[in-house]
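These notes are about the structure you will find just below.
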Amino acid sequence: MLAKHVRAFSMLGLSLALTGCIHYEHQSAEGKPADQVAVIQQFDKHLTITRIDNNGTLFWLGRQNEYRLGAGTHTLQATWSIGDGRTAPLATTVSLVGGRTYGLYGEASKGRWSYDIRDVETGQSATVKAPSN
């Protein structure tokens, strides 16, 4: 019985290893045409998007290199990988345009880190700035 479970677990691990990098599709993108879906590509390998609009992204697989979301405003949480650990999540709100590709870019300096989601073609940030008082 134990051997059967070990074998099944081993096959699952092997199939994951052979699939290479995968993408994460948020529920807001499911069944929509490409012109209504925005793609975020992970250019900084230290960063991982862990939550999109309060939904987990299967980040623990550690294999996502692309995230697909429906056009519109979304709240993202990302973490920075440090050795074998991760930082606490940092949230930001972005406004994404369907049919566009964005990059996930990070910066770390003096013990602080941040990230930005930018249109890869125009370089424009998708971050929604908080209104100033």
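All values below come from the heavy atoms of this structure, side chains included, with hydrogens, waters and symmetry mates left out. Count residues from 1 along the sequence.
T87 places a side-chain N or O within 3.5 Å of a backbone atom of W80 that can act as its donor or acceptor partner.
At least one side-chain heavy atom of Y105 sits under 4.5 Å from a side-chain heavy atom of V120. Side-chain contact between T57 and H26: absent, with no pair of heavy atoms (C-beta onward) separated by less than 4.5 Å. A 4.5 Å side-chain heavy-atom check between L96 and I117 finds at least one atom pair inside the cut-off. The shortest side-chain heavy-atom distance between P89 and R51 does not fall under the 4.5 Å cut-off. Using a 4.5 Å cut-off on side-chain heavy atoms (C-beta onward), Y115 and D44 make no contact. Under the 4.5 Å side-chain criterion, counting only non-hydrogen atoms from C-beta, T48 is in contact with Q42. Looking at Y24 and I49, their side chains never come closer than 4.5 Å, going by heavy atoms from C-beta outward. Inter-residue side-chain proximity for E66 and V39 is flagged as met; some heavy-atom pair is nearer than 4.5 Å.
For the atom pair R86 CZ and H46 NE2, the distance stands at 12.0 Å (nearest 0.5 Å). How far CG of L76 is from CD1 of I40: 5.0 Å, rounded to the nearest 0.5 Å. Once rounded to the nearest 0.5 Å, the distance linking CG of L69 with CG of N55 reads 10.0 Å. A distance of 11.0 Å separates OG1 in T93 from NE2 in H74, rounded to the nearest 0.5 Å.
Stacking of R118 on the aromatic ring of Y102 is not recorded, the 6.0 Å distance cut-off and the 45° axial limit not both being met.
Atom CD of Q41 has more than 12 heavy atoms from other residues, nucleotides or ligands within 6.0 Å.
Screening D116, T92, D119 for a side-chain hydrogen bond (donor to acceptor under 3.5 Å, both in side chains) involving S125 leaves a single residue, D116.
Under a 4.0 Å N-O distance rule, the pair E30/K32 does not qualify as a salt bridge.
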